[in-house]
Number of protein chains: 2
Amino acid sequence: MASTCTSWSPLPCGFRRRWLVLKPMQQGALHAFFQRNPYPGIATRERLARELDIPVFRIQVWFQNQCTRQLRQS
Amino acid sequence: MASTCTSWSPLPCGFRRRWLVLKPMQQGALHAFFQRNPYPGIATRERLARELDIPVFRIQVWFQNQCTRQLRQS
DNA sequence: TTATAATATAATGAC
DNA sequence: GTCATTATATTATT
């Protein structure tokens, strides 16, 4: 396995990134896109990051969380 | 899906801690700080706790309540 | 009654 | 899956 510090995570191990709440407009855009494509490739994630002004790794985390939480709806 | 009693609440469920009224000086300091930073990290909360002589979890509760009070004025 | 301290839980960001 | 932080609803006390 790779080290616990993956390439897309700029923070050193053991430090938790500052909690940032997404703005409603950003959330709306992400939800809308997720409905169309839950598994965007790196190019798409980078485009979303530019358009919404969110770091790429946050986009990645958001889609990961969204996938797992979509599944436990029952 | 947080657990019932989260980490910032050291009392077991069903037990209510004693009501504590903040002194005017403590309230003033909290309000002043809140204006600068409504979401202090754990290190900052611990510093405030030391300086104002208030337990850390009460600091946390005050900031949470202050956020909702702020929102209700609109 | 109003203000606010305190409890509990849901939603969600980060890991 | 797990933990941490924020948001919100509610209860209780001064």
Side-chain angles (χ1 to χ4, degrees), chain A residues 1-35 38-40 42 45-46 48-49 51-74, chain B residues 1-49 51-74:
Chain A
M1 281 310 189
S3 76
T4 51
C5 286
T6 52
S7 58
W8 56 269
S9 173
L11 282 197
C13 290
F15 288 85
R16 189 166 280 250
R17 190 185 323 281
R18 175 148 179 69
W19 185 282
L20 288 180
V21 177
L22 294 173
K23 297 174 188 129
M25 211 187 69
Q26 295 171 321
Q27 284 227 8
L30 287 171
H31 274 105
F33 191 93
F34 184 87
Q35 279 207 324
Y39 304 108
I42 177 60
R45 293 200 300 270
E46 283 174 347
L48 280 172
E51 293 180 356
L52 302 179
D53 196 29
I54 304 171
V56 178
F57 58 84
R58 279 191 212 272
I59 301 278
Q60 175 76 20
V61 166
W62 190 91
F63 272 86
Q64 280 179 356
N65 282 322
Q66 193 60 21
C67 277
T68 67
R69 279 155 187 165
Q70 196 86 347
L71 286 179
R72 67 168 169 200
Q73 300 263 350
S74 50
Chain B
M1 227 130 28
S3 61
T4 52
C5 285
T6 50
S7 57
W8 57 268
S9 175
L11 277 199
C13 289
F15 290 84
R16 183 166 283 253
R17 89 181 66 251
R18 237 187 53 207
W19 187 276
L20 181 79
V21 177
L22 296 174
K23 294 168 189 141
M25 210 188 67
Q26 295 171 321
Q27 285 228 8
L30 288 172
H31 274 105
F33 193 93
F34 183 87
Q35 280 208 320
R36 294 213 330 262
N37 177 18
Y39 303 110
I42 178 60
T44 307
R45 292 198 301 271
E46 283 173 349
R47 181 172 60 76
L48 280 172
E51 293 180 357
L52 303 179
D53 195 31
I54 304 171
V56 177
F57 60 84
R58 282 190 210 266
I59 300 276
Q60 177 74 20
V61 165
W62 190 90
F63 272 85
Q64 280 182 347
N65 283 323
Q66 191 59 22
C67 277
T68 71
R69 285 192 282 266
Q70 198 87 346
L71 287 178
R72 276 184 176 166
Q73 298 187 359
S74 46

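Just so we're on the same page: letters track the sequence lines, and every chain starts at 1.
What separates CD of A:Gln66 from C1' of C:dA11 is a distance of 11 Å, to the nearest Å. Distance CZ (B:Phe63) to P (D:dT8): 18 Å, rounded to an integer number of Å. Computed from coordinates, the B:Arg16 CZ to D:dT11 C1' distance equals 5 Å when rounded to whole Å.
Base-pair partner of D:dT5: C:dA11 (Watson-Crick or G-U wobble, both distances under 3.5 Å). Pair assignment for C:dT2: none, as no Watson-Crick or G-U wobble contacts are both less than 3.5 Å.
The residue among A:Asn65 and B:Ile42 whose nearest nucleotide of DNA chain D is located toward the 5' end is A:Asn65.
Remark: A:Arg69 is not in phosphate contact with C:dA11, judged by side-chain N or O atoms under 4.0 Å from OP1 or OP2. An OP1 or OP2 oxygen of C:dT4 is reached within less than 4.0 angstrom by no side-chain nitrogen or oxygen of B:Trp62. Regarding contacts with the backbone of D:dA7, a side-chain N or O of B:Tyr39 is found under 4.0 angstrom from either OP1 or OP2.
The side chain of B:Gln60 lies closest to D:dT6 when the candidates are D:dA7, D:dT6, D:dG1. Closest approach to the B:Gln64 side chain among D:dT8, D:dT10, C:dG13 is made by D:dT8 (side chain taken as heavy atoms from C-beta onward).
Within the 3.5 Å criterion, the main-chain N or O of B:Pro40 finds a donor-acceptor partner in the side chain of B:Arg45. At distances below 3.5 Å, not a single donor-acceptor pair connects side-chain atoms of B:Glu46 with backbone N or O atoms of B:Ala43. No donor-acceptor distance shorter than 3.5 angstrom exists from the side chain of A:Gln70 to the backbone of A:Cys67, with no hydrogens or angles considered.
Contact detail for B:Asn37 and B:Phe63: the closest heavy-atom pair is O-CE2, 3.6 Å. Between A:Trp62 and A:Leu22, the closest heavy-atom pair is CD1-CD1, 3.5 Å. Across every non-hydrogen atom of B:Gln26 and B:Asp53, the tightest pair is NE2-O, 3.8 Å.
Taking a 4.0 Å limit (strictly below) on heavy-atom distances, residues 19-32 of chain A reaches DNA chain C at A:Trp19, A:Leu20, A:Leu22, A:Gln27.
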